[in-house]
Peer 1: 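Pasting in a structure now, in structure tokens, and then I'll have a few things to ask.
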Amino acid sequence: QRLESVLLEVYTGRQAEVAADLMARGNRAVHRIAIGPLSFVSLDNVPVKAIPELRKLRGILRLHADPVLRLNLMTPRVSRAMMPSGTGTAAVWKASGMEVPFGEGYTGRETKVCVIDTGTWVAHEAFKGTKLESVAVMPNVGAAVGDNSGHGTFVAAQVSSLPNLSPRGFACRGMSEAELVTVKALRTRFGVSRPSDVLKAVEIGLEYEPKIFSLSLGGPAEDSQDVDPLAKMMNWLTDQGKLVCLAAGNDGESKTINTPGIASKALTVGAVDMSGKLASFSSRGPTIDGLVKPDVLGTSAFGARPRAAD
């Protein structure tokens with residue numbers, strides 16, 4: 001019996017030692033991740049009988065499951081009408097230290113946003129005039145960046161795009177004119193990924209020095225935010241001055257906030273329907289730690305799969 005993937009949390013400065021020990025035992029590290037004080041090594045196809053020995057390795061702080069994460073397909077879009085009383089788009093952006101979107105005379109230019117998702121169709125009409133870089137987590141998602149789902153393209157366009165008419169006559173405008181870096185971390189058309197892939201995507205994204213991270217993905221929260229690797233990472237990013245925007249989830253019941261949305265310092269977004277009521281599919285708190293989440297609600301936005309010709 002084997003586990004498809006295991007995530008080892010490693011003491012700071014011990015990653016190379018752990019990787020060498022693993023190799024000596026015939027285990028190849030898929031991802032080696034080091035971000036600030038957090039360090040991880042991931043393994044695929046691990047025999048269950050090997051788990052006790054892995055726990056005993058010098059330098060191992062904690063052994064985590066590396067379960068499947070999925071897209072939150074009904075991506076919330078924050079709207080002024082759904083903001084708390086006395087606030088608005090301008091207030092939210094100003095509070096985060098960013099420029100304010102178009103309606104208040106600001107554009108978000110010179111602000112860089114990292115979208116971790118299924119990749120991006122960089123040739124899509126929506127991105128004409130938008131500064132966009134697209135990269136992929138290796139080796140799990142293959143060499144092609146692209147977007148075999150459409151979800152990552154849709155989310156990135158919601159963040160930053162100009163109203164360019166496509167050959168079919170479609171046009172939309174994103175929330176800003178921010179610069180984009182998109183990191184492909186999800187492995188399939190349906191958005192299957194693992195925490196190790198997302199952590200590696202964060203490491204890659206940080207190289208581009210974004211001010212904002214956006215992740216519309218998640219999975220069931222099994223551990224406290226002080227233990228959960230993704231939640232710990234999102235809280236650390238916030239401590240570094242990043243605005244981290246996370247999906248609450250689409251599980252439609254109380255106590256179902258996904259990880260990494262359980263991170264207390266990040267901005268977790270839930271959804272309302274077009275009548276202004278909490279959407280039936282939207283996850284809601286309290287979190288596994290008993291915290292109030294989501295932090296903000298937005299009207300749901302739906303999009304067909306975008307292609308370069310759409």
Peer 1: Under the side chain to side chain donor-acceptor pair (under 3.5 Å) test, which residues partner Thr238, sequence neighbours left out?
Peer 2: none
Peer 1: Under the salt bridge (Lys or Arg N to Asp or Glu O under 4.0 Å) criterion, do Glu4 and Arg194 qualify, and how do the steps go?
Peer 2: CA-CA 10 Å; Glu4 290 185 7; Arg194 297 185 184 278; 2.3 Å; yes
Peer 1: State, with a plain yes or no, whether a side-chain heavy atom of Leu246 is found less than 4.5 Å away from one of Val269.
Peer 2: no
Peer 1: Taking only residues two or more places apart in sequence, or in another chain, which ones meet Asp251 in a side chain to side chain donor-acceptor pair (under 3.5 Å)?
Peer 2: Asn258
Peer 1: How would you list, by chain and number, every residue that makes a side chain to side chain donor-acceptor pair (under 3.5 Å) with Ser214, sequence neighbours excluded?
Peer 2: none
Peer 1: Taking atom types as modelled, is there a side-chain donor on Thr259 or Asp228 under 3.5 Å from an acceptor on the other?
Peer 2: yes
Peer 1: Between Arg109 and Glu179, does at least one N-O distance fall below 4.0 Å, as a salt bridge requires?
Peer 2: no
Peer 1: Are the side chain of Thr256 and the backbone of Glu253 linked by a donor-acceptor contact shorter than 3.5 Å?
Peer 2: yes
Peer 1: List for me each residue that meets salt bridge (Lys or Arg N to Asp or Glu O under 4.0 Å) alongside Arg14, sequence neighbours excluded, and say none if there are none.
Peer 2: Glu17
Peer 1: Show the nearest heavy-atom pair for residues Arg62 and His64, with the distance to one decimal.
Peer 2: CD-CE1, 3.4 Å
Peer 1: Without swapping roles, check the side chain of Gln15 against the backbone of Ser39 for a donor-acceptor pair under 3.5 Å.
Peer 2: no
Peer 1: Run the side chain to side chain contact (heavy atoms under 4.5 Å, CB included) check on Leu230 and Leu69 step by step: do they pass?
Peer 2: CA-CA 11 Å; Leu230 288 176; Leu69 302 175; 3.7 Å; yes
Peer 1: I need the full list of salt bridge (Lys or Arg N to Asp or Glu O under 4.0 Å) pairs touching residues 258-268, with sequence neighbours left out, sorted by first then second residue.
Peer 2: Asp239-Lys265
Peer 1: Once side-chain contact (heavy atoms from CB on, under 4.5 Å) is applied, do any residues pair with Thr130, and if so which ones, sequence neighbours excluded?
Peer 2: Phe127, Ser160, Leu162, Leu180
